[in-house]
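Count residues from 1 along the sequence. No hydrogens, no waters, no symmetry mates; every other heavy atom, side chains included, goes into these values.
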Amino acid sequence: MGSMMWLLSTPPFEEHKRLSLLMAAAAFEGASIGPLIELAISFDPSILVSAVIGCAIAFGCFSAAAMLARRREYLYLAGLLSSGVSILFWLHFASSIFGGSLALFKFELYFGLLVFVGYIVVDTQDIIEKAHYGDLDYVKHSLTLFVDFVAVFVRVLIIMLKNASEKEEKKRKRRH
């Protein structure tokens, strides 16, 4: 978070510094999801590859939809998506206090995936709109889309790991 905030507060003319901060933010983000990736590799490395490919395809499709849509058509979803993030925050907060359930976890996971896929569309259109008006700050725009990609990737990876572990559990039960 610190490198992201530093990047956003650095003036655009300090391009090399901002690119370095973008790379640092990416490295820290990678380090923060490292244990999840390590778990996926130890369970089944093909899950990680499938998650990356699936996330990249989804990212490409939703970005293409945003680029091919009429100008500003999806920007109005930003309010709904912000409400969705707020719902996710409060649900997570409530589950940490009152205890969570599997159903709540699944809801947070799938609803979060829906919200962040929506953010891919909205952020892509927002970047296009800003570029139309002369804001060509590609470093900040890259950070925005990178955060969206990671949010979707983490959720897709968790869903795939959960499904694979459930299949493994069913196989174990059948053997016994």
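Applying the side-chain contact (heavy atoms from CB on, under 4.5 Å) criterion to Met67, with sequence neighbours excluded, gives Ser63, Thr124, Ile128. Scored by the side-chain contact (heavy atoms from CB on, under 4.5 Å) test, Ala164 finds Phe43, Ile47 as partners (sequence neighbours excluded). The ring-ring contact (aromatic ring centres under 6.0 Å, His included) check on Phe111 picks up Phe107, with sequence neighbours excluded.
Contact record, Val115 with Leu81: O-CD2, 3.5 Å, taken as the closest heavy-atom pair. The nearest pair of heavy atoms linking Gln125 to Tyr74 is OE1-N, 2.7 Å.
Under a cut-off of 6.0 angstrom, the local environment of CD in Glu38 is sparse, with at most 12 non-hydrogen atoms contributed by other residues, nucleotides or ligands. Other residues, nucleotides and ligands place no more than 12 heavy atoms under 6.0 Å from the CZ atom of Arg70. In this structure, His141 places its NE2 atom where more than 12 heavy-atom neighbours from other residues, nucleotides or ligands lie under 6.0 Å away.
Put simply, the side chain of Tyr110 reaches to within 4.5 Å of the side chain of Ile159, judged on heavy atoms. Taking 4.5 Å as the limit, some side-chain heavy atom of Ile158 sits within range of a side-chain heavy atom of Phe105. Looking only at side-chain heavy atoms (C-beta outward), Asp137 and Lys130 stay at 4.5 Å or farther from each other. Using a 4.5 Å cut-off on side-chain heavy atoms (C-beta onward), Lys17 and Trp6 make contact. In this structure the side chain of Ser82 reaches within 4.5 angstrom of the side chain of Tyr119, judged on heavy atoms.
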